[in-house]
Each structure stands twice: as C-alpha cells, then as structure tokens.
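Structure first, commentary second.
Within every chain, numbering begins at 1; the chains are lettered A, B, ... in the order of the sequence lines, protein sequences first and strands thereafter. Quantities reported herein were computed from a predicted structural model and do not represent experimental measurements.
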Protein chains: 2
Amino acid sequence: MIQRAPAVTSCCPPPRDQADLRPVEGDEAEVELASLAKALSHPARVRIVRILLRKDACVCGDLVDELPLAQSTVSQHLKVLKGAGLIRGEVDGPRVCYCIEPHALRRLRALVGALS
Amino acid sequence: MIQRAPAVTSCCPPPRDQADLRPVEGDEAEVELASLAKALSHPARVRIVRILLRKDACVCGDLVDELPLAQSTVSQHLKVLKGAGLIRGEVDGPRVCYCIEPHALRRLRALVGALS
DNA sequence: CCATCTAATCGTCAAATTACGATGATTCAG
DNA sequence: CTGAATCATCGTAATTTGACGATTAGATGG
C-alpha cells in the first residue's frame, strides 16, 4: 500500500465554455475525428478518460494504481491523450495532475454526432 | 473514366430499430468504445463512413474511385469497418454493396455521449 | 467455355503501436 | 546537501497497422 498526500481539489479548473465554430464535415473534420478516435482506440486510454471524469478533480500517479500497467506505459498513454488534446496535465510539486479537457470531449461528441 | 451499372437503390434496407440495452459504462463498454474508436481512427475509414452516409444507399467499388488508395487498401479498410460492425456488405452480382449499420453508429454515439 | 469485371486475399515491406525496465529530471523533506 | 518520491523519456522487443502489387475467387456476358 502506497501512501500519498491527499488529492488537491481541482488543480485544473475547467476553462471557460466556448462554442466551437469549426465545421463538423469536410476533410479537416474527418482528420480531426480520426485523430480523436485514435486517442480513444485503446481500452486503457478510454479507462483513463473515464477515471478522470469520475474523479472530476485530477489525479496523477493514482492512475498507475488503477491500471494493470507499468508506470512508463501509463505515462505513454497519457502523452497520447494529451497529444490529442483530450486531457491536460499540470505540474503540482513533484506530481502531475491530469484532467479532462471538456471542450475536446464536446468536440468529439459533435463530430460523432455529425455521423448521422 | 470507368462506366458502371447504375447503383441499386437500397440494397441494404435499414434493419428494424431496436433499443440497445447494453450498459454504457464498465469494462465491456470501455473495450467496445475502444474498438469502435479504433475503426474510426484512420481518416480513410472516417471518409468511407461519411460517403456511405451521404449516398444513403450503398456503393461498392465506387469507394475506390473516391479515395486516393489502391483497391486492395480500400478493401482492407472496409474489412476493418465491417469487423467493428459499423458497415455491412451485401453481394450483388459481381459487386459488393456496402452500407452503414445504423445501430452501430447509435451505439457509438451512446458510448461517446456517456463520456460526460 | 472463355474473357472480363469486381472484390477479397496473399505476400511483403516500412512504419507505428504497445509494452517493459532502466535512466533522467525535478521537487520536497529532512 | 542528500535522499526519496514522482513522473517523463529512452532504448528495446514484439506485435500491429497501412500501403501496395499480384493473385485468387465468383459472377456475368458473349
């Protein structure tokens, strides 16, 4: 059992809501959807997103405890999610605090929703 | 310019609407979302889905004409989409007629929508 | 039957993905 | 300053992906 300092509440305040005016169709939208889908194309990454959503606040290495993967592997998955813009990481002392990027999820919903 | 016989209208009649009772959370849902996302994790496959949606009816080798890819590559992408359950292919004489599997798209929307 | 057309499959290659342990960088406690 | 803790990065190996040309399998038309 590893002890850790209590989680900081909301080290990643949700950014201001803002409408996304980019189109949901066309070549760019297709590449964008493919990119977001690729980030979610691995069960571990879907799980990370779910954990971050559930905990609402941001966790850091707790993710490693929740996943049956090595720390370096989790770090790689986090990098992929961050690269796609789905999460954000904020340095908080020796830890890094990850949280969902809400507008990226909204964008994903919009793009998937446009597949009608 | 390649001439082809006129497209058959609706060789893939949409199946009966039916509510999907499977949960949108939990391990299975995560694997399912990852699987669907993986199918859409390539721009060519997103494009194929969009084309099939736009044409509403099902096209076959016309997809090859619309994509800057070799026939065998398109066939592979179609196989991936079919494997994920997103499209269906029906043999129509010497051709194969592909169309969207609407309930799979609904399922995808539900799973993505559950990422709240 | 035979030639043709369509689409799937095979074989191949380069590149990307996924996983891990080891190593580095950074921060904090003492 | 030192050591411990946390996390990123590196190096590596196994697997998968994506692309293509060539070939195979079926169906149609003559």
Side-chain angles (χ1 to χ4, degrees), chain A residues 1-8 11-12 30-31 34-48 51-52 58-84 86-99, chain B residues 1-8 11-12 30-31 34-48 51-52 58-84 86-99:
Chain A
M1 195 62 66
I2 299 154
Q3 292 299 329
R4 227 185 298 272
V8 181
C11 66
C12 295
E30 282 165 11
V31 171
S35 167
L36 289 168
K38 188 168 198 164
L40 291 181
S41 70
H42 193 290
R45 291 196 288 267
V46 175
R47 170 156 274 269
I48 288 173
I51 292 173
L52 292 180
C58 28
V59 268
C60 37
D62 293 336
L63 287 165
V64 177
D65 298 342
E66 297 230 29
L67 295 167
L69 295 170
Q71 177 263 324
S72 57
T73 306
V74 173
S75 198
Q76 273 194 349
H77 284 307
L78 289 169
K79 188 177 183 177
V80 171
L81 287 170
K82 196 157 72 172
L86 278 167
I87 67 175
R88 189 186 351 173
E90 227 160 78
V91 177
D92 172 39
R95 302 168 227 278
V96 178
C97 213
Y98 285 98
C99 60
Chain B
M1 194 63 65
I2 298 153
Q3 292 299 329
R4 228 185 295 273
V8 181
C11 66
C12 295
E30 282 164 12
V31 172
S35 167
L36 289 168
K38 187 168 199 167
L40 291 180
S41 71
H42 193 289
R45 291 197 287 268
V46 175
R47 169 156 275 270
I48 288 173
I51 292 174
L52 292 180
C58 27
V59 269
C60 38
D62 294 335
L63 287 164
V64 177
D65 298 341
E66 297 229 30
L67 295 168
L69 295 170
Q71 177 263 324
S72 58
T73 306
V74 173
S75 200
Q76 273 195 351
H77 283 307
L78 289 169
K79 189 176 181 177
V80 171
L81 287 170
K82 196 157 71 172
L86 279 167
I87 67 174
R88 189 187 348 177
E90 229 161 77
V91 177
D92 173 39
R95 303 168 226 278
V96 177
C97 211
Y98 284 98
C99 60

Legend entry - Considering all heavy atoms, the nearest A:Val46-B:Glu30 contact: CG1-CG, 3.7 Å
Legend entry - Atom-pair distance (NZ on B:Lys82; C1' on C:dA7), nearest Å: 10 Å
Inset, instruction - Taking all non-hydrogen atoms of both residues into account, name the closest pair between A:Lys38 and A:Ser41 and its distance. - result: O-OG, 2.7 Å
Legend entry - Test item: A:Leu52 and A:Ile48 side chains (from C-beta on) under 4.5 Å apart, heavy atoms: yes
Inset, instruction - Return no unless some side-chain N or O of A:His77 is found under 4.0 Å from OP1 or OP2 of C:dA19. - result: yes
Inset, instruction - Locate the shortest heavy-atom distance separating B:Leu86 from B:Ala39; write the atom from each residue and the value. - result: CD1-CB, 3.8 Å
Legend entry - B:Leu78 CG - D:dG18 P separation (whole Å): 13 Å
Inset, instruction - Mind checking the NZ-OG spacing from B:Lys79 to B:Ser72? Nearest 0.5 Å is all I need. - result: 12.0 Å
Legend entry - Residue-phosphate contact under 4.0 Å: A:Thr73 side-chain N/O, C:dC20 OP1/OP2: yes
Legend entry - Non-hydrogen atoms of B:His42 and A:Ala34 that approach each other most closely: C-CB, 3.7 Å
Legend entry - Spacing of A:Leu67 atom CG and A:Thr73 atom OG1 [to the nearest 0.5 Å]: 10.0 Å
Inset, instruction - For A:Ile48 and D:dC7, give me the distance from atom CD1 to atom P, rounded to whole Å. - result: 13 Å
Inset, instruction - Measure the distance from CG on A:Leu81 to C1' on D:dA8 and round it to the nearest whole Å. - result: 15 Å
Legend entry - Given C:dG21, D:dA8, D:dC20, the nucleotide with the shortest approach to the side chain of A:Ala70: C:dG21
Inset, instruction - Scan nucleotides 22-30 of chain C nucleotide by nucleotide, 5' to 3', and note B when protein non-hydrogen atoms come under 4.0 Å of the base, S if they reach only the sugar-phosphate, - if neither. - result: B----SS--
Inset, instruction - For DNA chain D, determine which residues of residues 37-44 of chain B have any heavy atom closer than 4.0 angstrom to one of its atoms, and list them numerically. - result: B:Lys38, B:His42
Legend entry - Among C:dA19, D:dT9, D:dG18, the nucleotide that comes nearest once only the side chain of B:Arg45 is considered: D:dG18
Legend entry - Non-hydrogen atoms of B:Leu36 and B:Ala84 that approach each other most closely: CD2-O, 3.6 Å
Inset, instruction - Specify the separation, in whole Å, of atom CD of A:Gln76 and atom P of D:dT9. - result: 10 Å
Inset, instruction - Calculate the interatomic distance between B:Glu90 atom CD and C:dA7 atom P; express it in whole Å. - result: 14 Å
Legend entry - N or O in side chain of B:Lys79 less than 4.0 angstrom from C:dA8 OP1/OP2: no
Inset, instruction - Please report, rounded to the nearest Å, how far the P atom of C:dT17 is from the CG atom of A:Leu69. - result: 17 Å
Inset, instruction - Check B:Leu69 against B:Ala44 and note the closest heavy-atom contact, atom names and distance. - result: CD1-CB, 3.9 Å
